[in-house]
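Atoms within each ligand, like the ligands themselves, are counted from 1 in listed order.
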Amino acid sequence: MKKHDCALFDLDGVIVDTAKFHFLAWKKIASIFNYDLTSNDNEQLKGVSRSDCLQIILKMANTVIEPSKFEKYLAQKNLDYLDFIQDLGPKDILPGIFETLIFLNKRKVKIGLGSASKNAEVILSKLGLTSFFEIVIDGNKVKKSKPHPEVFLRGSLALGVVPEKCLVFEDSASGIISAKAAGMTAVAIGNPDKFLNEDFCYPDFLSLVQNDLDKLF
Ligand code: B16
Ligand code: MG
């Protein structure tokens, strides 16, 4: 019997390394508040919605802005981000992802995306991966962002697979909390020190593929 009937992928940091571009775009915004955003700070922004990221940065910079400026900064950050990812393409798919999608297809495991990003559809299309995903639940579709379980619960509902049979691949601490709160198996990608309650952890996607993919599905 298959252990999991569905795989829900996070996007940024799992399928493609766009975190560095989010970082650069936020660094520019933070500099307007005279704050030098560090890569350590950036860890707190992973998996977090765009507006929550700005709230976090304002707190870090100890800055209060007029509510009317808030949307303006969000729009500016996204323009810069879209500029940075202009040349994103299939060459940027992280190692092991493509093989995994093929493997899951062969095993008839349903595939979905659960991302906080409002740019998820654009990015999947640039990578040439759209057709692999039966459903895409992204930042445009959820009301409560990770660590709330909404994004993954919507994914499981849309695919018609009970949460216990869903497995989530995530690179952010908030995403792992979200997957566990949804009652799913949570596979963390990255340094184990970052995560609280994952079921499995691998330093990168390739080591998961080389060692354990077969055991998970
Ligand atoms: P956007 P994920 C998340 O994507 C990123 O990790 C996070 O850093 C970003 O702020 C968020 O998407 C929103 O992105 O500005 O494109 O809507 O990791 O959940 O796939
Ligand atoms: Mg991520």
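The protein non-hydrogen atom at the shortest distance from atom 8 (O) of ligand 1 is L45 O, 3.0 Å. In this structure, atom 3 (C) of ligand 1 lies nearest to the protein heavy atom D12 OD2, 3.4 Å. Closest to atom 19 (O) of ligand 1 among all protein heavy atoms lies A116 N, 2.7 Å. Atom 10 (O) of ligand 1 has V48 O, 2.7 Å as its closest protein atom, hydrogens excluded (heavy atom only). The protein atom (non-hydrogen) at minimum distance from atom 17 (O) of ligand 1 is K118 N, 2.6 Å. Among protein heavy atoms, atom 15 (O) of ligand 1 sits closest to R50 NE, 2.7 Å. Remark: minimum distance from atom 6 (O) of ligand 1 to any protein heavy atom is reached at G47 N, 2.8 Å.
Taking backbone and side-chain atoms together, E170 has no N/O/S atom less than 2.8 Å away from the Mg ion (ligand 2).
Of the charged side-chain nitrogens involved, none lies within less than 4.0 Å of a carboxylate oxygen, so that E198 and K180 do not count as a salt-bridged pair. In this structure, E121 pairs ionically with K141, as a charged nitrogen and a carboxylate oxygen lie closer than 4.0 Å. In summary, D36 and K27 engage in a salt bridge, as defined by a charged side-chain N under 4.0 Å from a carboxylate O. Look at K144 and E150 and you find no salt bridge, because none of the NZ, NE, NH1 or NH2 atoms lies under 4.0 Å from a carboxylate O. Look at R107 and D214 and you find a salt bridge, because one of the NZ, NE, NH1 or NH2 atoms lies within 4.0 Å of a carboxylate O, short of that distance.
Contact atoms of ligand 1 toward L11: 20 (O) (distance under 4.0 Å to a heavy atom of the residue). In the vicinity of K77, heavy-atom distances shorter than 4.0 Å reach the ligand 1 atoms 15 (O). Ligand-side atoms of ligand 1 in range of N119: 1 (P), 16 (O), range being under 4.0 angstrom from any heavy atom. Atoms of ligand 1 lying under 4.0 Å from at least one heavy atom of K46, given by number and element, are 6 (O), 8 (O). Taking every heavy atom of S115 and a limit of under 4.0 angstrom, the matching atoms of ligand 1 come to 2 (P), 4 (O), 19 (O), 20 (O). Atoms of ligand 1 found under 4.0 Å from any heavy atom of D10 (numbered from 1 in listed order, with element): 2 (P), 18 (O), 19 (O), 20 (O). Counting atoms of ligand 1 from 1 in the listed order, those under 4.0 Å from a heavy atom of K146 are 19 (O).
D10 contributes OD2 as its N, O or S atom closest to the Mg ion (ligand 2). Distances from the Mg ion (ligand 2) to the N/O/S atoms of D171 are shortest for OD1. Nearest N, O or S atom of D12 to the Mg ion (ligand 2): atom O.
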Checklist entry - Do L159 and K110 pass the side chain to side chain contact (heavy atoms under 4.5 Å, CB included) test, and can you show the C-alpha distance, the side-chain angles, and the key distance before you say yes or no? => result CA-CA 7 Å; L159 289 170; K110 294 183 176 227; 4.1 Å; yes
Next on the checklist: As a quick check of understanding, evaluate salt bridge (Lys or Arg N to Asp or Glu O under 4.0 Å) for K215 and D212, giving each step before the final call.
Outcome noted: CA-CA 5 Å; K215 290 185 211 152; D212 289 341; 2.8 Å; yes
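Counting only heavy atoms from C-beta outward, the side chains of H4 and T185 approach each other to under 4.5 Å.
Considering S117, S145, A120 only, the shortest heavy-atom separation from atom 16 (O) of ligand 1 involves S117.
When heavy-atom distances to ligand 1 are checked against a 4.0 Å cut-off, C53 comes that close only through its side chain, counted from C-beta outward. For H22, every heavy-atom contact with ligand 1 shorter than 4.0 Å involves the side chain, none the backbone.
Of the N and O atoms on the side chains of D138 and N119, not one donor lies less than 3.5 Å from an acceptor on the other residue. For the 3.5 Å distance criterion, the side chains of S115 and D12 fail to qualify, holding no donor opposite an acceptor.
A distance below 6.0 Å separates the ring centres of F169 and F9.
Put simply, OG on S174 and NZ on K146 are 6.5 Å apart, with the number rounded to the nearest 0.5 Å. Taking OG of S39 as the reference point, atom CG of L45 lies at 11.0 Å (rounded to 0.5 Å).
For ligand 1, the polar-atom distance check against E170 finds no nitrogen or oxygen pair separated by under 3.5 Å.
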